[in-house]
Novice: 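Here it is, the structure in full.
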Amino acid sequence: MLIILEPDVTPQQKNAILSVLREGNAIYREITDAGQNIIGATGTAGHDPAYFEKMAGVARVVPVETAFKLVSRQLHPEDSRVMVGDVSVGGERIVVIAGPCAVEGRERTMAIAKDVRRYGAVLFRGGAFKPRTSPYSFQGMGEEGLKILAEVKQVYGMPVVTEITTPAQADLIMKYVDVVQIGARNMQNFELLKSVGRLGKPVLLKRGLSATIEEWLMSAEYILAEGNDKVILCERGIRTFEPYTRNTLDLSAIPVIKKLTHLPVIIDPSHATGSREKVSPMARAAIAAGADGLMIEVHNDPDSATSDGAQSLYPAQFGQLMRDLYVIAPLVDKQVDFGYLDKASNVVHTVRSDGEKGRKAAFLGDVGSFSHKACLQFFGNQVKPLPVDSFRGLFEAVKTEASDFGVVPLENSLAGSVHENYDLLLEYDLRIVGEITLRIRHNLIGHPGTKVADIRRIYSHPQVFQQCRQFLERHGDWDLVSVTDTARAVRNISEKNDKTEAAIAGRESAEIFGMTLLEESIETNPMNFTRFVIIGRESLKNGSGKKSSMVFSTGNQPGALFGVLKIFADNQINLVKLESRPIHGKPWEYMFYVDLEVDMEKPDFAGVQKQLSGSVEYLKILGSY
Ligand code: PEP
Ligand code: MN
């Protein structure tokens, strides 16, 4: 049972509750969770929950049927985020922890760190105290190793994860490390669990070699019961009878964990499979199954690694895996963000010219719209979203510094380009600083209890009606009402209690406005993606520079466009998008918008830029990002 106390509970009221529990021989613990004061008790001390609910100072009582209480989703219905520096484990962005099994020396570790950082890892791992099966195997570099990890953090900005094997290492761990790992062999070392609970640092808790999910969660409960709720669960394979797969990676634990607990869960395919060729397939599957992140062993010379060389990816293989995850993540409503750490230092920790702390990002529509979601997925939850009501308003907000960034939908894979925004990109002197792709899933949304047969009127954005054409054709008698964005559509129906009206929008807006999904995924084609660009007044420092966008016009003579495209071809520059738009006031003349897979602003491309300038009438680089 969880007794949630009123925020203004007095010490006397609290003592009265505790003495009832003591008299009834209940084992209880006082805890705080998300700022709430809670008393967790085993049993009910001979009273029913209603008895406690009536006591002064009690807000509500939650009976918890499971053996684990603090980790249970019943206590904390929202997903928890474990913050490690600027990195949120749990949330919209996938967190990849990478590095060698063990810290083996300064040069090697720094070289591996440089590689994994470049390929998109956000946390670095490396063991300094290694729990080895054989006492004759390398046991780790100890404090020397921790010092190297601290240097990795300082040079590359990646917070570091390392394993603790005894409470005696607590002081050293506190000094050098950001996340403390409890290894599989120590999952039920209860003194160690209590000790990391008291350290208060984020804990990565591996599942034991033959632990049930409930045993694993009970171990997490030990850490939370000491007052530390920063626990990340890590599945790393369990012992079964099958030798070919080394351990059996229990990916089915992901949905189970997501249902039972609010804690984030990551997957370690390296220790699960023990061999390099199995790591990437399992990593891809883990992200598709809904994991919040991965822990991957990477080594630049695995044949000479002191431990786990056979399961360590080469840096280039890790890079390839990250590219695959970048494609997979949007399918399950997440993102791989190659600019994660740089964004944190350049965007989150800056002060606006008006003195306000933190940056603002403008998006079109209401909270819960797809643009809002794109904003959250690009920046995480550390930038303030600013709703605006038109695309021009969005560009104006960035120009006038009312906002630092703007989230601009440019094209949809089913409905095509958002032409207005192409024109605004040309008109305003702003930069494209990033891009993000969302999978767009539409749902029919109404008040709880609405019957599809009773619906007469539907609200949504006109593009959404196009994307759901087949579904809407089956309901030809519905009246379609266009509004500015999908969240506004849901707000409209939520403000009236009319069960003949419904909206088409994403799941998030239904949750925000307390509506239900009457039918899910009603878009005609599930390959429905929208690409947004992020605009700002200046480029982000250390942007990934994987892509550049530019706009140009040519003279009206034979082969003019061919001449420009030939420059790209001759310089081996891959063109990934070409779009033309009429030039206002000059009928039948066009601007060409191109996206290129290079960083056009690097000095190496100065020659190409010069060639281009000689072949076009007008040229504007919109940004490299
Ligand atoms: C490790 O992560 O290096 C490790 C030893 O893992 P596990 O405890 O899962 O075997
Ligand atoms: Mn290892």
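First listed ligand is number 1; within each ligand, the first listed atom is number 1.
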Novice: For atom 8 (O) of ligand 1, what is the closest protein heavy atom, and at what distance to 0.1 Å?
Specialist: Ala184 N, 2.7 Å
Novice: Between Lys201 and Asp178, does any side-chain N to carboxylate O distance fall below 4.0 Å?
Specialist: no
Novice: Rounded to the nearest 0.5 Å, what's the gap from OG on Ser210 to CG on Asn247? Could you check?
Specialist: 10.0 Å
Novice: Kindly state whether the ring of Phe124 and the ring of Tyr156 have centres lying under 6.0 angstrom apart.
Specialist: no
Novice: Answer with yes or no after comparing the ring centroid distance for Phe379 and Phe405 against a 6.0 Å cut-off, counting only values under it.
Specialist: yes
Novice: Any ion pair linking Asp268 and Arg207 (charged N to carboxylate O, less than 4.0 Å)?
Specialist: no
Novice: Find all atoms of ligand 1 within a distance of less than 4.0 Å from any non-hydrogen atom belonging to Gly183, and give their numbers and elements.
Specialist: 8 (O)
Novice: Can you tell me which residue and heavy atom of the protein come closest to atom 6 (O) of ligand 1, and the distance to 0.1 Å?
Specialist: Lys206 NZ, 2.8 Å
Novice: Which atom name would you report as the N, O or S atom of Glu297 nearest the Mn ion (ligand 2)?
Specialist: OE2
Novice: Thinking salt bridges, do Glu92 and Lys334 make one under a 4.0 Å N-O criterion?
Specialist: no
Novice: Heavy atom of Arg207 under 4.0 Å from ligand 1?
Specialist: no
Novice: Glu297 heavy atoms, cut-off 4.0 Å: which ligand 1 atoms fall inside?
Specialist: 3 (O)
Novice: Does this structure show an ion pair linking Asp337 with Arg93, if we count only N-O contacts that are shorter than 4.0 Å?
Specialist: yes
Novice: What protein heavy atom is closest to atom 5 (C) of ligand 1, reported as residue, atom name and distance in Å?
Specialist: Glu163 OE1, 3.8 Å
Novice: What N/O/S atom of Asp308 gets nearest to the Mn ion (ligand 2)?
Specialist: OD2
Novice: Decide whether an N or O pair under 3.5 Å exists between Gln181 and ligand 1.
Specialist: yes
Novice: For atom 1 (C) of ligand 1, which candidate among His271, Arg236, Gln311 provides the closest heavy atom?
Specialist: His271
